[in-house]
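Just so you know, ligand 1 is whichever comes first in the structure, and atom 1 is the first atom listed for that ligand.
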Amino acid sequence: MGNYQRLCQLSGQAACAASVKAGGYGLGIAFVGPTLWDAGCRTFFVAYLQEAVALRALLPEAVIYVFHGLDPDDVDEFRRLRLRPVLNSPEELAFTRGAQLEPAIHVDTGMQRLGFGAEHLPLLKAFLAEEPVPLLMSHLASADQAKSAMNTIQLQRFQELETAFRDRVPAFSLANTAGVMLGSAFHFDLTRPGIGLYGGSPDPNEAAGFEPVAIWHASVLQIRTLAPGTPVGYGGSYTTDSEQTVVTLSTGYADGYLRALSNRAVVSVNGFDLPVIGRVSMDLITVDATALVADGQRIQRGDWVELMGGAVTVDRLAKESGTIGYEILTRLGSRLERQVVR
Ligand SMILES: *Cc1c(COP(=O)(O)O)cnc(C)c1O
């Protein structure tokens, strides 16, 4: 997988792990897990224990961390499956004591979302004096804005943690995809990119040059030639202004094609961008194929049309719907048929 190789190179001396939460950002963990393992990835991060259990079944030898930490009821399962909780709170330190787990520690260095705060450092120090942990991590709040002062603040705090705990902890991890691209000071021992692996950019307005990974097609259900002045779709939010060829495709917001893309996005056929016209409905969208037909090209029932991929990037869809690539990918619907194409 080229994006993994690129992120490894960008990570320099640091090892490169993979964030594969949400089923590998919506692409399907059964595809993503083994593909990254074959590319050489050995350490994986997920959010929930159930995701880790599914990944363990696919990758018996992988190191698997669970961001959401540890519930006391789950201690046995973590141990049995050799999964590593990422501890975020004092309560979790207590659940861990003597449990023979290999937990990581997440320290909050400025995001105020998850992890131990500065007020917990004495407690952590006492814990680490007794129990070795394999990894200490933190997460960057504004890495997608390279110039943000927050990056420097968080880096400094994390460096202080490294200095304080280096003798007790063998590995430190700070960088997501955007953090990897901030340069070597942010890499420490282990990077844990997500979005770049899946071809997206941390900021949809700044191309990051990763290869498209998710290629999404819908099939043509119907083709109509409409007279000028004909309203299209729910609420007639679009009206033809000339004779237009309108093609109906089998996808909709239930498949993750966001309703916010109504009258905004394009789909791609043979190098032509066909505008989405009218509202996106649950299972259907309508696109204007007039330019394609005017060029003498045929389009017929059963043809496949690219909704996302090389021509229409995930970042373009993100921008057109006012979101980020992460949300486009993780909303890909469960009824989409997924195939690996190499
Ligand atoms: C999701 C996540 C990552 C990966 O972030 P990307 O921006 O997708 O590279 C890394 N660390 C944590 C804590 C995360 O939640």
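At least one N/O-N/O distance between I195 and ligand 1 falls below 3.5 Å. Residue contacts with ligand 1: F67 is placed with no nitrogen or oxygen under 3.5 Å of a nitrogen or oxygen of the ligand (distance criterion only). At under 3.5 Å, not a single nitrogen or oxygen of H106, backbone or side chain, sits near a nitrogen or oxygen of ligand 1.
For atom 1 (C) of ligand 1, the closest non-hydrogen atom of the protein is K21 NZ, 1.3 Å. At the shortest separation from atom 9 (O) of ligand 1 among protein heavy atoms lies T177 OG1, 2.6 Å. From the protein, the heavy atom lying nearest to atom 5 (O) of ligand 1 is N176 CB, 3.3 Å. Among all non-hydrogen protein atoms, the one lying nearest atom 3 (C) of ligand 1 is S19 OG, 3.4 Å. Protein heavy atom closest to atom 11 (N) of ligand 1, with residue, atom name and distance, is R192 NE, 2.8 Å. Considering only non-hydrogen protein atoms, atom 7 (O) of ligand 1 sits nearest to Y326 OH, 2.6 Å. Atom 8 (O) of ligand 1 has its closest protein heavy atom at Y25 OH, 2.5 Å.
Residue-ligand proximity: P193 is placed with a non-hydrogen atom under 4.0 Å from ligand 1.
Here F165 and F172 keep their ring centres 6.0 angstrom or further from each other.
Checked by atom type, the side-chain pair Q156/Q154 shows no donor-acceptor distance below 3.5 Å.
Between E320 and R264 there is no salt bridge, since none of the side-chain N atoms of the basic residue sits less than 4.0 Å from a carboxylate O of the acidic one. Ion pairing between a basic and an acidic side chain is recognised when a charged N comes within 4.0 Å of a carboxylate O; R335 and D255 show such pairing. Ion pairing of R157 with E160 is absent here, as no side-chain N (NZ or NE/NH1/NH2) approaches a carboxylate O to less than 4.0 Å. The residues R166 and D189 are annotated as salt-bridged, a charged nitrogen and a carboxylate oxygen being separated by less than 4.0 angstrom.
The side-chain heavy atoms of L87 and L93, taken from C-beta on, include a pair separated by under 4.5 Å.
When the shell of 6.0 Å around CD of Q297 is examined, it contains more than 12 heavy atoms from other residues, nucleotides or ligands.
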